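Here is the structure we will look at, set down as structure tokens.
Here the structure is a predicted model, which is why all the values come from computation and not from measurement.
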Amino acid sequence: MQRAISLTQQLQYYKEWQTKVVNAVGKAKANTIISGGVHLLSAGSSDFIQYYYINPMLNRAYTPDQFSDILMRSYSTFIQVSNFH
């Protein structure tokens, strides 16, 4: 449960991977590879299970709707910052 990789860390890993691809094949080919790829982001249900419903401080501080809004803002920021091609 506590070993989940944060969105920030996932973004860092993604950017590191992009750099490795650029270093391996060059910027132009890397852009083709990355822009032609399928990028999936799966988030949400485990955040409620692992954080909201198990952590009594969170479920006392926020309603499920409020916590959902916090998560959606976090996901939205993640997608905007990630610079997916």
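- Atom CG of N23 and atom CD of Q18 lie 12.0 Å apart (nearest 0.5 Å).
- Counting only heavy atoms from C-beta outward, the side chains of W17 and I34 approach each other to under 4.5 Å.
- For the atom pair L58 CG and Q66 CD, the distance stands at 11.5 Å (nearest 0.5 Å).
- In this structure, V22 and A30 approach most closely via the heavy-atom pair CG2-CB, 3.6 Å.
- In terms of the side-chain contact (heavy atoms from CB on, under 4.5 Å) criterion, residue partners of R73 (sequence neighbours excluded) are, by chain and number, D69, I70.
- Residues satisfying the side-chain contact (heavy atoms from CB on, under 4.5 Å) test with K20, not counting sequence neighbours, are none.
- Under the 4.5 Å side-chain heavy-atom criterion for Ile, Leu, Val, Met, Phe, Trp and Tyr, Y52 and Y75 are members of the same hydrophobic cluster.
- In this structure Y53 satisfies the ring-ring contact (aromatic ring centres under 6.0 Å, His included) test together with F48, sequence neighbours excluded.
- Between the side chains of Y14 and Q10, no donor-acceptor pair of N or O atoms lies under 3.5 Å.
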